[in-house]
Amino acid sequence: MSHICENVLFKGEAIMRDTSARLRKTKEAIVDALFSLLEKNDYTEITIQEIAGESKITRRTIYRHFRTKDEMLQYSFAEYVNRLSEYILRKEPKDFRGLCVLYFTFWEENIAYLDKLRKAGILYKFGDSFEELVHLMARRIKHQRKMGDVEYGEYLEKYRFHFAYRTAGFWRVTELWSGETKRFSPEKMADTMVSIANGS
């Protein structure tokens, strides 16, 4: 079986996004076991041994893929953000509002995932990593494109503080929205985000 890997820069270091079906299946089984345990246990109290028992995968194998539970969570979240970027790429939004509609539609369709993280009290853990993952997503979506006369990568570097401010706010809005009993529709959320962006 060929082993295909993609190197991605995340949290200041290169991580390998393994596209080998067998290894991805193993990682997903480990993460699924963690999420299964989260339904009845506090995140801080879950042990690698318990994850091994739940997944039927040895501790030794688990440690080959993940050093900590946090790494399992980050892997899971990165996978969702990667799926989000693919979703946006397929739909090709024409403007900021269109992008927001797609963003909230994606999370509406995957609300069970956010619910599990929130109920476990760990949704907040992704605030910091969300910025870097969105940065990666933005580079992927806008790869080789220009913002005026500036390469997109240079644009992101130039406006990195603005970008950090916007993405942090975007994730906080996502946290609040996902926890509401009667959530606004993706279209209503898009209108809200456009209004915020315009300062109105």
Side-chain angles (χ1 to χ4, degrees), residues 1-90 102-141 167-168 170-172 174-175 177-179:
M1 179 184 294
S2 63
H3 189 175
I4 306 169
C5 296
E6 175 186 349
N7 288 320
V8 176
L9 189 67
F10 179 58
K11 289 213 170 281
E13 59 185 60
I15 61 169
M16 192 182 309
R17 184 169 181 272
D18 197 337
T19 54
S20 159
R22 181 178 57 82
L23 293 183
R24 281 176 65 81
K25 186 175 179 181
T26 300
K27 288 182 177 181
E28 286 166 5
I30 294 167
V31 171
D32 287 346
L34 172 60
F35 274 85
S36 178
L37 290 167
L38 274 176
E39 293 178 8
K40 48 189 180 290
N41 297 281
D42 186 275
Y43 175 73
T44 59
E45 296 175 0
I46 296 172
T47 66
I48 298 297
Q49 185 61 51
E50 288 173 323
I51 295 169
E54 184 74 19
S55 64
K56 307 294 188 289
I57 295 171
T58 66
R59 286 179 60 190
R60 184 181 212 176
T61 300
I62 289 175
Y63 280 122
R64 277 196 207 120
H65 298 293
F66 304 107
R67 291 171 293 183
T68 65
K69 292 180 295 184
D70 279 357
E71 282 192 4
M72 296 175 198
L73 289 178
Q74 294 297 346
Y75 173 83
S76 172
F77 190 64
E79 285 295 299
Y80 269 87
V81 173
N82 186 59
R83 284 166 55 189
L84 171 60
S85 69
E86 290 171 352
Y87 182 79
I88 291 171
L89 276 168
R90 285 197 309 271
L102 292 177
Y103 174 87
F104 286 104
T105 298
F106 174 86
W107 286 121
E108 183 70 53
E109 292 171 359
N110 293 281
I111 200 68
Y113 178 73
L114 296 181
D115 280 343
K116 285 180 183 178
L117 295 172
R118 192 181 58 261
K119 286 175 183 175
I122 54 178
L123 186 57
Y124 74 92
K125 282 181 172 282
F126 302 102
D128 291 339
S129 56
F130 184 67
E131 180 193 338
E132 292 185 61
L133 288 167
V134 169
H135 219 100
L136 290 171
M137 183 176 72
R139 286 182 184 278
R140 182 177 178 204
I141 292 171
T167 52
F170 223 97
W171 181 246
R172 183 62 183 135
T174 305
E175 288 183 82
W177 168 80
S178 68

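Along the sequence shown, residues are numbered consecutively beginning with 1.
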Heavy-atom check, side chain of [X] versus side chain of [Y], under 4.5 Å:
{"X": "L123", "Y": "T174", "value": "no"}
{"X": "Q74", "Y": "T68", "value": "no"}
{"X": "I51", "Y": "K69", "value": "yes"}

Parallel, tilted or perpendicular: which fits the ring planes of Y75 and F66, with parallel below 30° and perpendicular above 60°?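 Geometry flag for F66 against Y75: perpendicular rings.
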Parallel, tilted or perpendicular: which fits the ring planes of F104 and W177, with parallel below 30° and perpendicular above 60°? perpendicular
Does any donor atom in the side chain of D42 or T44 lie under 3.5 Å from an acceptor atom in the other side chain? yes
Does a side chain donor of either Y87 or T105 reach within less than 3.5 Å of an acceptor in the other side chain? no
Taking all heavy atoms of [X] and all of [Y], pick out the closest pair and write down the distance.
{"X": "L34", "Y": "L73", "answer": "CD2-CD2, 4.0 Å"}
{"X": "S55", "Y": "A29", "answer": "CB-O, 3.9 Å"}
{"X": "T58", "Y": "A52", "answer": "C-CB, 4.3 Å"}
{"X": "F106", "Y": "N110", "answer": "O-ND2, 2.8 Å"}

Strictly by salt bridge (Lys or Arg N to Asp or Glu O under 4.0 Å), give each pair with a member in residues 113-122 just once, sequence neighbours left out. D115-R118
Pairs meeting criterion salt bridge (Lys or Arg N to Asp or Glu O under 4.0 Å) with involvement of residues 47-64, two or more places apart: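 Output for this query is empty, none listed.
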Taking NZ in K25 as the centre, count heavy atoms belonging to other residues, nucleotides or ligands within less than 6.0 Å. Is the count above 12?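 No, because the 6.0 Å sphere around NZ of K25 holds 12 heavy atoms or fewer from other groups.
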According to ring pair (Phe, Tyr, Trp, His ring centres under 6.0 Å), who are the partners of W171, at least two apart in sequence or on a separate chain? F77, F130
